[in-house]
2 protein chains.
Amino acid sequence: MSKKRQLLIDTALTLFYNHGIHAIGVNEILKRSGVAKRTLYSHFNSKEELLLAALEARHRLFIQWLESKLSNAKNDLEVTTVLFQALENWFDNNEPRLGEFRGCFFINTCGEYSDVSCEIRKLCEQHKSKVRQVIADKLSIDNQDNVAALCILMEGAIVTAQVSGKNTLLIEDCINASQAMLR
Amino acid sequence: MSKKRQLLIDTALTLFYNHGIHAIGVNEILKRSGVAKRTLYSHFNSKEELLLAALEARHRLFIQWLESKLSNAKNDLEVTTVLFQALENWFDNNEPRLGEFRGCFFINTCGEYSDVSCEIRKLCEQHKSKVRQVIADKLSIDNQDNVAALCILMEGAIVTAQVSGKNTLLIEDCINASQAMLR
DNA sequence: CTCAAAGTAGACCAATCTGTCTACCTGCAA
DNA sequence: TTGCAGGTAGACAGATTGGTCTACTTTGAG
């Protein structure tokens, strides 16, 4: 992978995530990264292709982060506490790998692309599916029924922190609610 | 209120909600509504002011819808079932007052506006605060502790339905989870 | 050293963006 | 009847959009 290509993806990801996709033009990405326009269009056929690469990069980054966080959990109860405490760190900008918290990049992206069957939306859906699978893999067979509800709670925490700001009780409520579900 | 003004707000709301805000230009709104550009700028100083009016209109509409739905519930347990069944209808496009489901307009809007202290974001936050209050008012004093978790679950259901599509078990899981919390 | 691949700056294009303006028309109230 | 608020169409302005293109330079492997 070319260094310039990677730089373009990283810069695009940061700008798209921080300001929204339609709000950022390719010229902005070029100016910020210091890469020439010709170089961008030799690596990507369009802004949309660059966005797809950025989504994939964010997907890999987030899944790696999530797996590394959950790897410390030794039982189902710990999975929920570790999960929501990791999210709390993210909301508080104490997870440098994830960058400044601006909600979920994939949820934000879905808000900007209405065609549910386009490539972009498919990537977003696949991301959520993978997140769910990572969590499912960490839970014992007894609690597989609760994976969906746990994920819904997680999504709710992310958007609530984004829209309403992180309430001190937010994560506490999530942990209480999720542990009430565990058998 | 002028009829043209209302028409502009309604058209802008529909287009912004269906396609995203930055993706829709004022010319598109004018073409769709059949209103002259001069008229738009005599009622609103900018596209942003029109957006603010659209957010307020959506806020009133959604709160009215929510209150009318919850008015049928006779106890705390019914509040949760009625709430999530109403959401399910929305996801299935069986709530004509809310239009075609495209997630939460306020969450989507936050994804496009990064400055948390701008007027737009403030309206989004106020909307969520009001939603929470409407639900709190319907629950008995015993369950006020669970209002936050219930709202988180609701937000999670909305974004999950938007990004991953409505799973048949989604609402069932929400009802089960929320009723496990009620005392 | 050679040479192709990769990168550079930035002019340029057509389209679109938000917002302004002129000139005119319509309906209604005093 | 007069006058004005509110509406019309659409030209226009200046900036910005995504994307193409030319001509030149840098870089690194064989």
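Chain identifiers are assigned alphabetically (A, B, ...) following the order of the sequence lines, protein sequences preceding nucleic acid strands; residue numbering begins at 1 within each chain.
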Nearest-Å distance, CG (A:L8) to C1' (D:dG18)? 15 Å
So for atom CD, which belongs to B:E78, do other residues, nucleotides or ligands contribute more than 12 heavy atoms lying within a distance under 6.0 Å? yes
Rounded distance in Å - CG (A:L40) to C1' (D:dT17): 14 Å
May I ask you to say whether A:E95 pairs ionically with A:K69, meaning some side-chain N is under 4.0 Å from a carboxylate O? yes
Would you kindly check if the NZ (Lys) or CZ (Arg) of A:R58 is within the cone defined by 45 degrees around the ring axis of A:F106 and under 6.0 Å from the six-membered ring centre? no
Counting only heavy atoms and a strict 4.0 angstrom limit, can you tell me which residues of residues 110-124 of chain A come near DNA chain C? none
Could you tell me whether B:I24 contacts a base, only the sugar-phosphate backbone, or nothing, with contacts defined as non-hydrogen atoms closer than 4.0 Å? sugar-phosphate
Could you see if B:L8 belongs to whatever hydrophobic cluster contains B:F105? Use Ile, Leu, Val, Met, Phe, Trp, Tyr and a side-chain cutoff under 4.5 Å. yes
Between D:dG19 atom C1' and A:I29 atom CD1, what is the distance in whole Å? 13 Å
Hey, can you pull the donor-acceptor pairs under 3.5 Å for the side chains in residues 157-164 of chain A, sequence neighbours left out?
{"unit_1": "A:T160", "atom_1": "OG1", "unit_2": "A:G156", "atom_2": "O", "d": "2.6"}
{"unit_1": "A:Q162", "atom_1": "NE2", "unit_2": "A:R102", "atom_2": "O", "d": "3.3"}
{"unit_1": "A:Q162", "atom_1": "NE2", "unit_2": "A:N108", "atom_2": "OD1", "d": "3.3"}

Going by ring-ring contact (aromatic ring centres under 6.0 Å, His included), name the pairs with one or both residues in residues 25-44 of chain B, residues two or more places apart or in two chains. none
In chain order, what residues pass the side-chain hydrogen bond (donor to acceptor under 3.5 Å, both in side chains) check against B:E88, with sequence neighbours excluded? B:K166
Contact letters for nucleotides 24-30 of chain C, in which S counts primed atoms plus P, OP1 and OP2 and B counts the base, heavy atoms under 4.0 Å: -------
Determine, using ring centers only, whether A:H22 and A:F16 are less than 6.0 Å apart. no
Take atom CG of B:N27 and atom C1' of D:dA9, then tell me their distance rounded to the nearest Å. 13 Å
Below 4.0 angstrom, N of the basic side chain to O of the carboxylate: do A:E155 and A:K128 qualify? yes
Round to the nearest Å and state the distance from B:L30 atom CG to C:dG19 atom P. 12 Å
Is the gap between the ring centers of B:F84 and B:W90 under 6.0 Å? no
Distance in angstrom units between A:H22 NE2 and D:dT16 C1', rounded: 15 Å
Roughly how many Å is it from NZ in B:K47 to P in C:dT20, rounded to a whole number? 15 Å
Quick one: label B:N45 by what it contacts on the DNA or RNA (base, sugar-phosphate, nothing), any heavy atom closer than 4.0 Å. nothing
Which protein N or O atoms sit under 3.5 Å from an N or O of nucleotides 7-15 of chain C?
{"unit_1": "C:dG7", "atom_1": "OP1", "unit_2": "A:S2", "atom_2": "OG", "d": "2.7"}
{"unit_1": "C:dG7", "atom_1": "OP2", "unit_2": "A:H43", "atom_2": "NE2", "d": "2.9"}
{"unit_1": "C:dT8", "atom_1": "OP1", "unit_2": "A:K4", "atom_2": "NZ", "d": "2.9"}
{"unit_1": "C:dT8", "atom_1": "OP2", "unit_2": "A:A36", "atom_2": "N", "d": "3.2"}
{"unit_1": "C:dT8", "atom_1": "OP2", "unit_2": "A:T39", "atom_2": "OG1", "d": "2.7"}

Would you say A:E48 has more than 12 foreign heavy atoms packed within less than 6.0 Å of its CD? no
Interatomic distance where OH belongs to A:Y41 and C1' belongs to D:dT22 [whole Å]: 17 Å
